[in-house]
Amino acid sequence: MTKETDEKMILVEVRQAYEKHEIKAFFQPIYDALSGKMVCAEALSRWIKEDGTMVMPGDYIPVLEASDAICELDWYMVREVCIALKEQEELGIPCVKVSVNFSRKHISNQSFVGKLCEITDTYGIAHKMIQVELTESALIDNSMEQVGDFVNAIRNEGFSVAVDDFGTGMSSLGMVKDVAIDTLKIDRSLLNRNCEDERERIVLESILEFAHRLKLVTVAEGVETAEQLGFLRTCGCKQIQGYLFAKPMPKEEFRKVCVSDAKKELEEDILSVQSQASAVQLLLDAVYTRYPLIIYINLTRNSYYMMKYDGFTSTSCVSAGAFDECIIHASGTMHPEDAELFRQTFCIENQMAAYERGEKCISVMVRQLGDDKVYRRVEVTNYFVKNPSSEDVLVISLSHNFD
Ligand code: C2E
Ligand code: CA
Ligand code: CA
């Protein structure tokens with residue numbers, strides 16, 4: 001069979017699948033990066049055939065995208081989402097906003113917003129419960145004016161708008177600033193080095209900082225590891241979507257997650273003053289207040305990032321990168337009589353040796369040149385910490401300046 005007949009077959013089969021209700025909306029929860037509470041969910045289509053085999057979107061979406069048939073799927077999905085939300089409401093289970101994917105093909109459709117209102121109103125779903133997801137590439141394909149008008153019309157009706165897959169296309173952050181979107185979803189390809197690569201961290205950090213300046217909600221997609229979560233948190237990323245927390249799931253299972261998440265809130269409210277989690281948070285707040293410079297170092301991988309770097313005497317060090325370069329740079333800012341002591345104490349080789357000897361921490365007092373060209377006494381203490389999920393030797397470095 002040729003590729004063309006293959007594709008025609010898929011188009012016919014998908015139409016039949018709607019009628020047989022074989023296309024389902026799955027829901028993937030999205031969590032607040034700090035509190036771990038579910039704040040949103042993304043609706044993702046799944047084709048479940050009569051015999052139970054599941055066809056993933058990658059096998060039919062590209063074919064639908066090639067014709068206008070993708071629009072039919074998107075409208076079908078909005079209806080499925082509205083039905084699921086309505087059922088859930090009738091069961092008295094609280095729900096979160098649901099983000100629905102829309103193809104770029106809708107942008108030129110003048111009656112898009114009218115149709116979206118018509119569907120949601122038919123099911124009696126509040127507009128704030130639906131978010132429209134547009135891929136970054138949709139922004140490039142159309143004129144800025146056209147995209148801007150499309151987004152404004154959607155938001156004027158009370159829906160929110162997210163730009164999806166940010167970082168995959170050619171669009172710049174500048175383009176994002178010209179369109180009044182609510183949320184920026186950062187593509188998972190930007191995390192594929194597990195945040196261990198300096199360039200990857202710099203790219204993520206700059207996107208997040210820029211997005212936060214524009215007051216956008218940021219979502220990192222495809223978060224699979226604790227390292228990724230840790231780094232994203234330190235960059236202030238607001239929301240997390242990924243297998244680390246939850247995979248896309250059928251609506252029945254999603255309902256259970258909504259129930260247990262709502263309970264979690266209740267328990268947290270009751271215990272918020274005394275729970276161990278809140279005590280740990282208070283402890284962290286205290287440590288963050290006490291030290292102007294806190295660095296997370298992975299000695300094994302020669303990497304570091306600043307967890308806090310605010311109000312310290314010198315601010316010339318880059319916020320993430322190769323640790324040995326950080327030491328060379330920092331030695332250069334020390335008083336000439338202290339530079340060698342600093343370098344010797346904190347070079348990777350000697351820190352590793354101290355760790356091997358079983359020392360809990362190493363500490364020095366040095367004089368460092370501040371941004372204002374004044375030498376100040378600085379105490380640096382590096383604590384060796386154990387990460388249960390990794391063999392890597394990790395260090396938390398706490399520094400403060402006197403005078
Ligand atoms: P997307 O919009 O970027 O959706 C996120 C994809 O990442 C989903 O793939 C999700 O299952 C996957 N994902 C989420 N967390 C992780 C993770 O931690 N690790 C990994 N490896 N993957 C993760 P899925 O469900 O296969 O969907 C693929 C794409 O198909 C979606 O990408 C979206 O572009 C498209 N799609 C799905 N349903 C619809 C729809 O109803 N309409 C339109 N227009 N596109 C849809
Ligand atoms: Ca999406
Ligand atoms: Ca995406």
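Numbering of ligands and ligand atoms starts at 1, following listing order.
More than 12 heavy atoms of other residues, nucleotides or ligands shown are found within 6.0 angstrom of CD on Glu252. By the 6.0 Å contact criterion, CZ on Arg199 is open, its count of non-hydrogen atoms from other residues, nucleotides or ligands being 12 or less. In this structure, Lys128 places its NZ atom where only 12 or fewer heavy-atom neighbours from other residues, nucleotides or ligands lie under 6.0 Å away.
Excluding waters, the set of protein N, O or S atoms lying under 3.0 Å from the Ca ion (ligand 3) comprises Asp164 OD1, Asp165 OD1, Glu221 OE1, Glu221 OE2.
For Glu89 and Lys86, the salt-bridge test passes: some basic side-chain N is under 4.0 Å from an acidic carboxylate O. Using a 4.0 Å cut-off between charged nitrogen and carboxylate oxygen, Arg201 and Glu198 do not count as a salt-bridge pair.
Aromatic ring centres of Tyr18 and Trp75 lie farther apart than the 6.0 Å criterion allows.
Looking at Glu42, its N, O or S atom nearest to the Ca ion (ligand 2) turns out to be OE2.
With hydrogens and angles disregarded, a donor-acceptor distance shorter than 3.5 Å links the side chain of Lys308 to the backbone of Tyr288. The closest donor-acceptor contact from the side chain of Ser35 to the backbone of Asp32 lies at 3.5 Å or more, if one exists at all. Side-chain atoms of Tyr296 never come within 3.5 Å of backbone atoms of Ser397 as a donor-acceptor pair (strictly under, hydrogens ignored).
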For Glu253 and Lys256: C-alpha separation, side-chain torsions, deciding distance, then whether salt bridge (Lys or Arg N to Asp or Glu O under 4.0 Å) applies. CA-CA 5 Å; Glu253 211 175 303; Lys256 289 183 194 154; over 6 Å; no
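Near ligand 1, residues Gln28, Glu42, Leu44, Ser45, Arg46, Met56, Pro57, Ile61, Ile70, Leu73, Asp74, Met77, Asn101, Ser103, Asp164, Asp165, Arg188, Glu221, Gly222, Val223, Glu224, Gly242, Tyr243, Pro248 come within 4.0 angstrom through at least one heavy atom.
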